[in-house]
Amino acid sequence: MFGKHSDAGFHQPIPGNHIKTLCYGAHTLLVEVRLDKDALLPEHQHPYEQTGYLVAGRIRMFIDGKARELDPGDSWCIPMDVLHKVEVLEDAVVVEVFSPTREEYLKYENPEDIIR
């Protein structure tokens, strides 16, 4: 599977959080997330390991109660089932990998961008 770059196909599951599945396999899923300034991704946890890279913008991420302000080029890894949340300080672009594959995120793929 290959993913082709496109600005189409983003979905907004919560206000200020625009997400698109870029590519996925049996064990991992890659997404692009565009975050609006002042958006809040509320505290949550899930049974997926989540590794991310901040491409642009600034965010404040809380992982297991510890806060870090992140700038472009910074990255993180959130273990499975650990509480985390995000405050968006500037419009931001994030690329994240989830493992195992988040089946519910497959609805966020844009079929025109996936080459099988």
Hydrophobic cluster membership, Leu29 vs Tyr48, 4.5 Å side-chain cutoff: yes

Distance, nearest 0.5 Å, that separates CD1 of Ile78 from CD1 of Ile63: 4.5 Å

Test log, rule side chain to side chain contact (heavy atoms under 4.5 Å, CB included), inputs Ile59 and Leu35: CA-CA 9 Å; Ile59 63 175; Leu35 300 167; 4.2 Å; yes

Glu96 versus Tyr53, side-chain donor and acceptor atoms under 3.5 Å: no

Atom of Pro72, atom of Gly57 and distance for their closest heavy-atom approach: CD-O, 3.1 Å

Remaining members of hydrophobic cluster (4.5 Å side-chain criterion), Met80: none

Steps toward side chain to side chain contact (heavy atoms under 4.5 Å, CB included) verdict (Glu87, Asp38): CA-CA 7 Å; Glu87 296 172 353; Asp38 297 325; over 6 Å; no

Nearest non-hydrogen partners of Cys23 and Gly3, listed with the distance: SG-N, 4.1 Å

Shortest non-hydrogen contact from Pro100 toward Pro47: CD-O, 3.9 Å

Close side-chain approach of Leu40 to Val88, heavy-atom, < 4.5 Å: no

Closest non-hydrogen atom pair between Pro15 and Ala39, with its separation: O-CB, 4.1 Å

Close side-chain approach of Asp7 and Arg34, heavy atoms under 4.5 Å: yes

Working for side chain to side chain contact (heavy atoms under 4.5 Å, CB included), residues Leu30 and Thr21: CA-CA 6 Å; Leu30 178 69; Thr21 294; over 6 Å; no

Side chain proximity check, Lys4 to Phe2, heavy atoms < 4.5 angstrom: no

Shared hydrophobic cluster for Ile115 and Tyr24 (ILVMFWY, side-chain gaps under 4.5 Å): no

Single-linkage hydrophobic cluster, 4.5 Å side-chain cutoff, Val94 and Leu89 together: no

Ion pair check, Asp71 and Arg58, cut-off under 4.0 Å: yes

Whether Thr101 side chain and Glu103 backbone form a donor-acceptor pair below 3.5 Å: no

Residues Glu32 and Lys20 bridged, charged N to O under 4.0 Å: no

Trace of the side chain to side chain contact (heavy atoms under 4.5 Å, CB included) decision for Ile19 with Phe10: CA-CA 5 Å; Ile19 189 167; Phe10 282 87; 5.6 Å; no

Heavy-atom pair of closest approach, residues Asn110 and Ser6: ND2-OG, 4.4 Å

Cys77 backbone acceptor or donor facing Thr51 side chain under 3.5 Å: no

Glu90 CD to Asp36 CG distance, which is reported to the nearest 0.5 Å: 13.0 Å

Short side-chain donor-acceptor distance under 3.5 Å, His5 and Asp113: no

Parallel, tilted or perpendicular: ring planes of Phe98 versus His46, cut at 30 and 60 degrees: perpendicular

Between His44 and His84, a side-chain donor and acceptor under 3.5 Å: yes

Single-linkage hydrophobic cluster, 4.5 Å side-chain cutoff, Val93 and Val31 together: no

Co-membership, hydrophobic cluster, residues Val97 and Trp76, 4.5 Å side-chain: no

Pairing of Lys85 and Glu43 as salt bridge, 4.0 angstrom limit: no

